[in-house]
Every structure is written in C-alpha cells, then in structure tokens.
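Below: one structure, written as structure tokens.
Scope of the values below: all heavy atoms of this structure, side chains included, with no hydrogens, waters or symmetry mates. In what follows, chains are A, B, ... by sequence order, proteins preceding strands, each numbered from 1.
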Amino acid sequence: MSQGQPHFLKEPEAIRLLEPYGIAYPANMFANSADLAASAASCLGFPVVLKAVSASLVHKSEAGGVQRSLQDQASVRAAFERIAQNLADHDPCACLDGVLVVRQVPEGLDLIVGGKSDPSFGPVVMMGLGGTLVEIIQDVSIRLAPLTRREADNMISETQAARFIAGFRGAQRLDREALAQLLMRVGGFLSDHPGVLEFDLNPVRLFPSGLSTLDVRVAVPQPQRPWQRPLQFRRQ
Amino acid sequence: MRRSILGHRGRFMAWGLGHMYSRVSSFYRALRARTVAVVGASTDPAKLSHSLLRTLIEGGYTGAIYPVNPHAEEILGLRCYPSLAAAPAEIELVVVIVPAVAVAQVIREAGAKGATAAVVISSGFGEAGRKDLDQDVLEAARASRVLVFGPNIQGLGFTPNRLSALFWPTLYRPGSMAMVGQSGSVSAAFAEMADADGLGVSALVNLGNQLDVSDTDALEALADEPSTASIAFYLEGFTNGRRFFDIAQRVALRKPLVVLKAGRTAAGSRAVASHTASLAGDDSVTSAALRQAGAIQAEDLESLYDHAKALALLQRPAGRRVLFLSTSGGTGALAADEAESRGLEVVTLPVEYEQAIKAAGVRPRSVGNPVDLSSFDPEPFGLAARLARELDVADIVHFCFGDPVRGSDRVLPQVANELDRPCLVTYMGGGQVQRCEAPLLNAAGVPTYPTPERAVRAIAGLVEREVWLRAATEDNPR
C-alpha cells in the first residue's frame, strides 16, 4: 500500500473497529437527518452531543462540527442544521454524511491515549495528560505494543497524570485500573492491526469508576483505487 | 544457562529456528577461527592492508596466519601465497582487502576453501552508489555459505584467541566487555578507553554497511558468548528495530546491554494530523523501546563505556541504598548530589553504625552519608565497608577518593570480595599513585572512575537494570 497521506476513518467506522476490543465509547447512534437525530437522542437519553460525520473533516471542533449539551429534541434539530451550515461555511466542497448522536458524559480527567506504527519498531502505544493542551504539556510515556499489565502500570506512573489519578489535593481518586486495562486493549488492537498508521483516543475521560472515550481517530494508508495501481501484465 | 536435552543445534531446530542456527553458529565459529587468511596483504608499510597484517601479528594471534598476494614472496616474515587455493591448510576466516569489484570472487574462493566467514574491509559498495556490487557479494556469500562482516569496516577482534584483524587498535588485553559498533572509530575509541583503564574487550565487532551480519546477529551471537559479560552497542539506526527489540528483551534477561544511539532523525516531512504522531517522535520511541527491552541507554560515548564497565564487573545490587566513604568533603558531596538527582537513595546512617566505626578505632570527621573518613590509608575504608555489610546499612558501597590512597589496589579487591555488594571507586586528585593504582583496581574487578558523576551514573545504570530484571522475572517466572 502507498505510504502517502493518511486516510482518516469516519468516526462510526472507527468505533466499530474498536468495539471487539472492549474500548468503551458512550452510547451512540448515527443519524442522517435532523428528525432522525432527534429521535435517536430521545432513545439514548438527554443530554446528548452531536458530532459531524464527514470524510473530508479531520478536526471536527475547529470547523464547528461538534454541538454539546443538547437537552431536548428541538435543540437537537437546531444543532443538526447548525452543523450542516458550519460545515458548508468551513469547506464548500465538504460532504456531510450525517451526525453521530452520543450521550454526553460528566466531567472528569481528560487524557490522551494513542498509538502509531513506527517505521522501525512497529506498533507503539502512547499515553499522556490530554485535552487540548497535550501538545504544550508534552508529558507522555511510550511503550511498544502489546503491553503487559506491569508495563501499562509503569506507563501511567511515568506521567504526571498518575498524581491526578491518585487524587491530587483532596480530589477524588480516579479509576487507575480501568486506564491500565484500556492501555492493554489499545496495545492489543494496534498489534492486531499493523496497518493502522496513527491512532488517537483524545480525550479519554477518566472517572472515579470507569472511563469513557470521547473521540476516536484512526488513520490508515490511503486506499488505492484500481486506476492508481501500476499496470501489471500477466507473464505468458 | 540450562542445557537443552536436544543439544545446541536441537534447541534451534525445535523452536523452528533452523534458518537462524547457521548464522549464529557461523558467527561463533568465525570468532574462534584457528586459521586466518589476509587476502590483499601489501608489502607497502603505508597501506592499510599492511598495517592490518601487522596488528594481527602484534596482537599475538594464537592461530595460523596466511597472507595472500600474488606479487609477494614474504610479508612481515610470513610466507605469502599467490591465491587462497594455494594456502596449505583449510582457512576458517578470510580478511578481504581487495578492490570492491574483486570481493565477490574472493568470497567464492573462500567458500571453496571451507571458510566460515569473511571480514570485508574494502569500501566502495552501496555507500558509494554501487548497489550492484552489494548484490554480487551477497549472492556469492549465500551460494558459498560464507558469513560476511561489513563491508567498509575496520575489522574484527576477539581476545580469547587474541585475534585482532583490525588496522588498529591492537587488542592486547583480554576483557569481558563486547563492543559492537556501526562506526569503526567509535568502537576503536571504546577499546582504547578499556585499555587505558587496565581492562580489555572480549570482542570488537564492526558492522559497517551491514550487508550480511547485522546488529541483531551480533546481539544474538554475543548473548551466548561465555567470554562476554556485557555488550555495548553504538548504532546509527536499526536494520529492523522491532526484531532488535524482541531479541534484546530475551538477551537482557541473562546479559546486560548498553546502547548508544546516534543520528536523531528529523521529523518526517509529512504533515502530521494526529497528536500521537507528533508527540511520539522517532527518538522518544527508540528510548522507550530500549528501556522496555531492558537495555541501558547511554547518553554519550563516555557513559556507554562507564555503563558497560560497571555492568560487566559488578554483581547485582539488592536495592538502591548507596553508602559513600570519602577521603575528603568535596568528592563525597559531589557524588551524593549526583546520586540524589539520579534517583538513588543516599541512605541515612543509623547511630549503631557510627558507634561501630568509632569502636573499631576509626576517627571520621563526619558520619553523615557521605562518611568523611579524612584518611589516606585504605585500611579504615575497608573496615567501614565491612561494618556496613555487617549492619546492612547499604546495598552499594562507593569509595570516593579525592587524594592518593596508597595501597588501595591491595586492600579494596579483597574487601569487595567479602562485601557481597557492588562496590566501586571514584579516584581523582590522586596523582602518580592514582595513575598507578586505578588500572590495577579495575583489573581486580573494582571499577574505578575519574569523576564522582561518572561513577554515580554507572551505579544508576546498575540499579535501572536491576529494577527491570526483577519486574521481568516476576512477569515470566521460570
């Protein structure tokens, strides 16, 4: 396969890919119209978040493709229209497949868990204090996949996140066990799929009990169309 | 290591690793070659091929040497042969210093003569844009079952049989550190450092273009090499990082590895859209991988040598508590500072220890850690160290000598033997006495460092390996 620009899977595809590994994602449904989104939301229970699903959109929130804290059906319908409008303003050629309706989860500690395929070492797992500040803080630890339980534990201890998780300044203790499990599962996923070029769970929200993945990004090599492949002639 | 009921070869076959057996064992036999031919040896003292032959003879090689040169009768007192085929005995190792275009033919002849391996010194292959010659040599090597070191290397050295097939340095002293280098000058510098310290190397393997023998082959072969206690690597890149990691993880369980990785690559030009790819750069992945595999990552050439030395000479520590015994304030204070910052425990000494020292007739100036014995006599140091063992106050004993301590080479090795703990020395400001005694201490198995920072860094490496080993053996109990 060509190693050109990475191709980002759409979020529902990425979620489907991670499902067998038990990587927790909040209850979600795909909807391709405002009405469907509204009924999906009442099915899932309010409040919900709407996220744009589009092949040409990599950074959703920068394009206004994410609408949070929607409390009722009317606001969901309005949010759908807003997303469609924002996307059209951002990139006139973008094609909106629909939205992913996701049940909103409470506040917690935001982390980043990711991975990539290193040209020399193969699949690599990374973890750090996350959210939008991750690239400023640069506090990450790295291991080669797959991970043992101890390596996952050491990974957490290596970053400053360990202090938050242990309950910094009287804050509540967070679920370290769940995070270690997640790291091992991500390690398993990456070593099963060596074709995954880049992989981000950002943020992963950690609670006193359990955790939730709020955004999944999976990059694979650009699929080649038949006419892009070099011609091959059969040898007689 | 446990002996397999299947024997050496059977072990490989049973794991389905028959294809690897021949490479590792060829490597092993190449190091132990009893006959060496130098193809292209020159009569002109200005040429490298002449100085290589001289190094080989000066090193005191235990086997037979056969120079091959059709235009000479005799070189450096050795009879010269017109071709490999004309040599009177079976040749086990062939050193090749002929123009690049002729190398493939020499390897075919070597194969016909029954050679195990060829050390190709010649350059002008892939590095000079001649990929076709690479291909020729590789084909010849595969067809005639000859293992090829290099090409474009400085040579191969192995001290148990005094083989120094290098243009320099001559390996006079046998030792227990093996050095594998992608650069000839770095591995030569390593050997020189060892020599200056009264130590030696066990093997000096240059990788060069890594046409055939790669970093992982050297790692695998040296892992089971009985003369080698620690393996140092200087690498500019991995031929296959993942394979190196997998093998290193197994090897590190029985032998310490130290890796100096040079050439931090620039981030790829590809626009990076995900956070992970931008945060997990090549360099951070390399260090993470090395740490995970249990290899110690060296910061520079000096620390590569320091770590290799400590890991080769010292036993495993039981913990991270360090006791500093110093002749004067300064050395001990610097060492303790460095130890703190490297995550070692500068242990607080119990009152009983102070009482025991004083009862034994030693008059220390201060008994905090570092203990300032303000004495230039090795006996009180031996006494204080023995008491530390009796009262179990520390896991590692660090003697900090800032002055000449006459007779330390007589006392300390014996103390180190009794201590049952790693014990090492910083020796500085010792003038002529130090110059004379430090190599003797090293040779007697007490590693000696010229600055406290370097000594403490070596201790930190020792502890890092111990932590990894314990975790690894708990995860996979035998």
| field | A:R163, CZ: over 12 other non-hydrogen atoms inside 6.0 angstrom | value | no
| In this structure, are over 12 heavy atoms from other groups packed under 6.0 Å from A:R68 atom CZ? | no
| task | Please indicate whether A:R173 has more than 12 foreign heavy atoms, meaning atoms of other residues, nucleotides or ligands, lying under 6.0 Å from its CZ. | result | no
| said: Does any part of the side chain of A:L144, heavy atoms only, come nearer than 4.5 Å to the side chain of B:R242, both counted from C-beta? | reply: yes
| query | Can you tell me how far the CZ atom of B:F245 sits from the CG atom of A:D118, to the nearest 0.5 Å? | reply | 12.0 Å
| field | Rounded distance [0.5 Å steps], OG1 in A:T148 versus CD in B:Q292 | value | 7.5 Å
| message | Please rank A:R150, A:E158, A:R149 by heavy-atom pairs under 4.5 Å with chain B and give me the top one. | response | A:R150
